[in-house]
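The next block holds one structure in the form of structure tokens; read it before the comments.
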Amino acid sequence: MPLITLPDGNSIDFPNKVTGLEVAEKISKSLSKQALIMSIDGELKDLFSIIEKDCSIKIFTSRDQEGLDAIRHDTTHIMAMAVQKIFPGTKLAIGPAIKDGFYYDFYREDPFTPKDLEKIEIAMKEIVEKDEITRREVWERDKTKDHYSKLGEKYKVELVDMIPEGNEVSIYYHGKWYDLCRGPHLLSTGKIGKHFKLTKVAGAYWRGDSNNEMLQRIYGTCWPSQKELDDYLKRIEEAEKRDHRKLGKEMDLFHFREESPGSVFWHEKGWKLFQKLVAYMRDRQNKAGYKEVNTPEILDRALWEKSGHWEKYGEHMYTSKTPDEKIFAIKPMNCPGHVQVFNQGLKSYRDLPLRISEFGKVHRYEPSGALHGLLRVRAFTQDDAHIFCTEDQITEECLIVTNLILDIYKDLGFENVILKYSDRPDLRVGDDNVWDKAEKALLDAVKASKLEYTINKGEGAFYGPKIEFVLRDAIGRDWQCGTLQVDLNLPGRLEASFVDSDGTKKVPVMLHRALFGSLERFIGILIENYAGKFPFWIAPLQVVVIPISEEFDAYAKEVNEKINNVGMNSEVDLKNHNLNYKIREHSLSKIPLLLICGKKEVDSNSVTIRRLDTNKQENMELNLFLKKFSALNKAPSN
RNA sequence: GCCCUUGUAGCUCAGCUGGUAGAGCAAUUGAUUUGUAAUCAAUAGGUCCGCGGUUCGACUCCGUGCGGGGGCACCA
């Protein structure tokens with residue numbers, strides 16, 4: 001006699017036990033058609049599950065994330081079914097729904113080829129056609145393990161062992177094929193529709209552990225309608241168009257080459273962009289009380305041993321051997337150098353907080369597979385700084401850093417920032433009461449920002465808690481850039497100290513912080529965020545002056561020179577091409593302003609402005625142009 | 001680092017099952033002197049990623065190294 005409460009608060013009394021589907025039918029015909037899975041008292045269940053007791057129910061359709069996930073989870077089962085049909089003997093590992101799709105990990109000697117994916121897709125469509133009925137069985141643990149060992153499905157055996165004691169071991173059948181699975185699943189294989197696509201094959205370690213064997217992972221995507229599938233594919237395509245590696249080449253910003261994998265060869269325009277960002281950051285930091293320094297790129301191995309980096313990160317460090325056999329390391333971080341600067345001369349509490357900054361180029365030997373354009377390189381420049389302060393100053397310094405970082409992101413067009421706060425890990429150095437203080441200081445700064453944040457328990461560095469600043473770009477992707485970390489370890493290790501007001505020597509607290517993080521990476525993100533169409537003030541080439549014909553070359557040159565003289569970056573295009581050609585060429589290379597010069601302009605000492613992505617023409621007296629646009633040639637907050 | 005995939009002119013790419021390479025754009029030269037997204041023509045341009053092997057003969061097949069791409073692992 002279950003009394004079933006619906007999400008709207010209404011309830012229905014059923015005379016006998018019912019299935020979820022029957023409840024949906026009772027609510028409405030259309031809901032029963034769209035229903036995919038349900039939750040009973042918050043727990044996800046199959047629609048065919050039988051309800052005997054009073055409960056609250058929620059029915060999910062493809063409009064709910066739960067429903068979408070269920071569709072994708074079913075699709076991956078259907079893929080596995082197809083794979084085992086075409087390639088008998090393929091072993092199954094795991095196959096979850098993920099963001100925008102699903103995957104399944106398989107073990108099989110031979111690799112899956114793109115052609116195989118096509119075959120699998122066809123077989124999947126047949127399974128959907130057949131509309132095989134889903135059935136759930138609960139098996140006894142040992143019987144399940146026994147069953148799967150006999151089949152040689154060793155991953156499934158391991159998976160049974162991972163199911164917590166007390167939980168049911170459930171097997172889902174889709175027709176005759178079955179899989180060990182937590183569920184829930186849709187009523188039949190026809191329910192997923194036909195808007196799916198297998199996208200790629202990739203290697204993946206069993207249980208995500210690189211000590212384990214590598215499995216073959218097939219990724220796919222699945223959507224409730226053709227339109228949503230098309231939209232998704234379109235989104236991927238749009239993201240590809242913004243790819244900074246593609247734009248970097250097209251816009252002549254930088255290149256990479258074999259002789260130095262993971263290191264950037266900056267071209268004139270890319271380097272201009274780089275320098276503009278550095279100049280901007282330098283200005284902001286000078287105003288915020290930072291003291292810029294420069295420390296050696298190559299430092300004796302002994303220092304890295306003392307700092308602890310040698311032991312912990314030695315295998316990712318570049319080293320160099322001198323002719324007399326001394327080992328030096330190429331710095332992977334700037335902090336030890338900054339502590340050494342701090343250590344010069346006796347420091348008093350009156351010197352604190354001391355904010356030491358450096359645009360430090362560091363090298364890290366990243367695994368080859370990790371390299372990715374500008375986003376993951378082996379040589380990069382950090383806008384790094386270390387703030388030496390007393391324990392009492394942590395809170396305020398963290399607040400200042402947080403405000404500075406948010407302000408800077410805003411200037412560069414990122415208003416949407418999320419914070420990730422990570423507190424003490426199990427393995428750590430330092431006293432707990434100092435951790436208490438440090439954690440509170442950081443968390444206060446996080447809260448004061450009034451931004452969305454996540455707390456990552458136990459994810460902090462071994463030497464202190466941290467905040468990571470994640471910005472969301474124009475097409476909704478998240479990028480982790482800035483970081484603020486409290487270091488309770490290094491100052492002590494490298495014997496940093498200051499004389500406190502009571503005359504005793506104390507070890508300062510050190511805050512590590514980077515706002516852009518890596519300049520290289522940040523530029524990659526900027527390129528993708530703006531799709532190469534930079535705001536005027538950071539565009540590496542801001543203006544191209546185009547004479548209508550040779551007759552006006554002299555005037556165009558004069559205009560160009562005047563623009564450069566007031567500090568904007570301008571070029572003049574004197575090539576023997578017609579106006580249409582030049583407009584097309586410079587528009588495609590995303591120059592913010594094109595200035596057209598012909599008879600009219602010469603006569604009136606003016607220029608005709610064509611802005612990127614418009615075809616409007618705006619005539620302006622040259623001196624007014626110079627005045628107006630040099631005023632725009634700086635950061636918004638300036 | 002691991003799995004899959006890929007490497008042809010400055011760029012984008014074509015080149016069937018082995019007979020030493022081709023297009024478009026860019027470049028150069030000439031003609032044209034152009035008013036808001038490609039003017040016309042000619043010319044030049046390649047150790048087909050490196051090294052080894054199979055073969056009468058390799059850009060094509062095999063092995064290996066390096067680089068790129070997609071994932072996994074890693075990311076102080």
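B/rG71 and B/rG63 are spaced 27 Å apart, taking the P atom of each and rounding to whole Å. The separation of B/rG70 from B/rG57, taken at their C1' atoms, amounts to 37 Å, rounded to a whole angstrom. Rounded to a whole angstrom, the distance from the C1' atom of B/rU28 to that of B/rA44 is 7 Å. Only the C1' atoms considered, B/rC48 is 14 Å distant from B/rG18, to the nearest whole Å. With C1' as the reference atom, B/rG24 and B/rU32 are 23 Å apart, rounded to whole Å. B/rG65 and B/rC75 are spaced 26 Å apart, taking the P atom of each and rounding to whole Å. For the P atom pair drawn from B/rU8 and B/rC49, the interatomic distance equals 6 Å after rounding to whole Å. Spacing between B/rA42 and B/rA37 at atom C1', rounded to whole Å, works out to 26 Å.
Side-chain atoms of A/Glu551 and base atoms of B/rU33 include no donor and acceptor less than 3.5 Å apart. A donor and an acceptor atom sit less than 3.5 Å apart, one in the side chain of A/Arg376 and one in the base of B/rC74. Under 3.5 Å, the side chain of A/Tyr205 and the base of B/rG1 form at least one donor-acceptor pair of N or O atoms. Side-chain to base pairing of A/Glu601 with B/rG35: one donor and one acceptor N or O lie within less than 3.5 Å of each other.
The pair A/Arg207-A/Glu158 meets the salt-bridge criterion, with a side-chain N (NZ, NE, NH1 or NH2) lying under 4.0 Å from an Asp/Glu carboxylate O. The pair A/Glu121-A/Lys197 does not meet the salt-bridge criterion, since no charged nitrogen lies less than 4.0 angstrom from a carboxylate oxygen. In this structure, A/Lys361 does not pair ionically with A/Glu297, as no charged nitrogen and carboxylate oxygen lie closer than 4.0 Å. Taking a cutoff of 4.0 Å between a charged side-chain nitrogen and a carboxylate oxygen, A/Asp231 and A/Arg235 do not qualify as a salt bridge. At a threshold of 4.0 Å, the pair A/Asp478-A/Arg472 counts as salt-bridged, since one of the basic side-chain nitrogens sits closer than that to a carboxylate oxygen. Electrostatic pairing of A/Glu468 and A/Lys466 counts as a salt bridge here, judged by a charged N lying under 4.0 Å from a carboxylate O. The pair A/Glu397-A/Arg355 meets the salt-bridge criterion, since a charged nitrogen lies less than 4.0 angstrom from a carboxylate oxygen. Taking a cutoff of 4.0 Å between a charged side-chain nitrogen and a carboxylate oxygen, A/Glu250 and A/Lys590 do not qualify as a salt bridge. Look at A/Lys272 and A/Glu268 and you find no salt bridge, because none of the NZ, NE, NH1 or NH2 atoms lies under 4.0 Å from a carboxylate O.
Atom CZ of A/Phe265 and atom C1' of B/rG67 are 13 Å apart (whole Å). Between the P atom of B/rA27 and the CG atom of A/Asp252 lies a distance of 13 Å, rounded to the nearest Å. One interatomic measurement links the two molecules: CG of A/Leu594 to P of B/rA38, which rounds to 14 Å at whole-angstrom precision. Nucleotide B/rU34 holds its P atom 15 Å from the CD1 atom of A/Ile596, rounded to whole Å. One interatomic measurement links the two molecules: CD of A/Gln216 to C1' of B/rC4, which rounds to 8 Å at whole-angstrom precision. One can place CE of A/Met214 at 10 Å from P of B/rC72, the figure rounded to the nearest angstrom. In this entry the distance linking CZ of A/Phe106 with P of B/rC3 reads 20 Å, nearest Å. Distance A/Arg207 CZ to B/rA73 P: 14 Å, rounded to the nearest Å.
Among the nucleotides B/rU36, B/rA76, B/rA31, the one closest to the side chain of A/Asn576 is B/rA31. Checking B/rA73, B/rC11, B/rG35 against the side-chain heavy atoms of A/Lys600 singles out B/rG35 as nearest. When distances are taken from the side chain of A/Gln485 to each of B/rA76, B/rG68, B/rC72, the shortest belongs to B/rA76. Side-chain atoms of A/Lys575 lie closest to B/rA27 of the nucleotides B/rU36, B/rA27, B/rG1. Checked against B/rU36, B/rU34, B/rA37, the side chain of A/Ser549 finds its nearest nucleotide in B/rU34. Among the nucleotides B/rA73, B/rC66, B/rA27, the one closest to any side-chain atom of A/Ser210 is B/rA73. The side chain of A/Tyr219 lies closest to B/rC72 when the candidates are B/rG1, B/rA76, B/rC72. Taking every side-chain heavy atom of A/Ala370 into account, B/rA73 is the closest of B/rA73, B/rU36, B/rA76. Checked against B/rC72, B/rU33, B/rG35, the side chain of A/Glu550 finds its nearest nucleotide in B/rU33. The side chain of A/His316 has B/rC74 as its nearest neighbour among B/rU36, B/rG71, B/rC74.
With a cut-off of 3.5 Å on both pairing distances, B/rA38 has no Watson-Crick or G-U wobble partner at all. As the counterpart of B/rU64, B/rG50 is assigned, both hydrogen-bonding distances of the Watson-Crick or G-U wobble pattern falling under 3.5 Å. The partner of B/rC74 is absent, by the rule that a Watson-Crick or G-U pair needs both atom distances under 3.5 Å. With both pairing distances under 3.5 Å, B/rA27 is matched to B/rU43 as a Watson-Crick or G-U wobble pair.
Looking at which nucleotide of RNA chain B each of A/Asn580 and A/Glu366 is closest to, the 5′-most match is held by A/Asn580. If A/Asp209 and A/Arg610 are placed on RNA chain B by their nearest nucleotide, the residue sitting closer to the 5' end is A/Arg610.
With sequence neighbours excluded, the residues that form a salt bridge (Lys or Arg N to Asp or Glu O under 4.0 Å) with A/Arg245 are A/Asp243. Partners of A/Tyr103 according to the ring pair (Phe, Tyr, Trp, His ring centres under 6.0 Å) rule, which considers only residues two or more places apart in sequence or in another chain, are A/Tyr219.
At the heavy-atom level, A/Pro111 lies under 4.0 Å from the strands shown only through sugar-phosphate atoms. Counting non-hydrogen atoms under 4.0 angstrom, A/Thr608 reaches a base of the nucleic acid. As judged by a 4.0 angstrom heavy-atom cut-off over every strand, A/Ala202 is placed among the base-contacting residues. Within 4.0 Å of A/Pro261, counting heavy atoms only, lie sugar-phosphate atoms of the nucleic acid but no base atom.
The closest donor-acceptor contact from the side chain of A/Glu213 to the backbone of A/Trp206 lies at 3.5 Å or more, if one exists at all.
Side-chain N/O atoms of A/Lys200 include none lying less than 4.0 angstrom from OP1 or OP2 on B/rG69. An OP1 or OP2 oxygen of B/rC75 is reached within less than 4.0 angstrom by no side-chain nitrogen or oxygen of A/His372. In terms of phosphate contacts, A/Lys312 brings no side-chain nitrogen or oxygen within less than 4.0 Å of OP1 or OP2 of B/rA76. Listed pair A/Arg245 / B/rG69 meets the phosphate criterion, a side-chain N or O lying under 4.0 Å from OP1 or OP2.
Taken residue by residue, residues 581-592 of chain A places heavy atoms nearer than 4.0 Å to RNA chain B at A/Tyr581, A/Ile583, A/Arg584, A/Ser587, A/Leu588.
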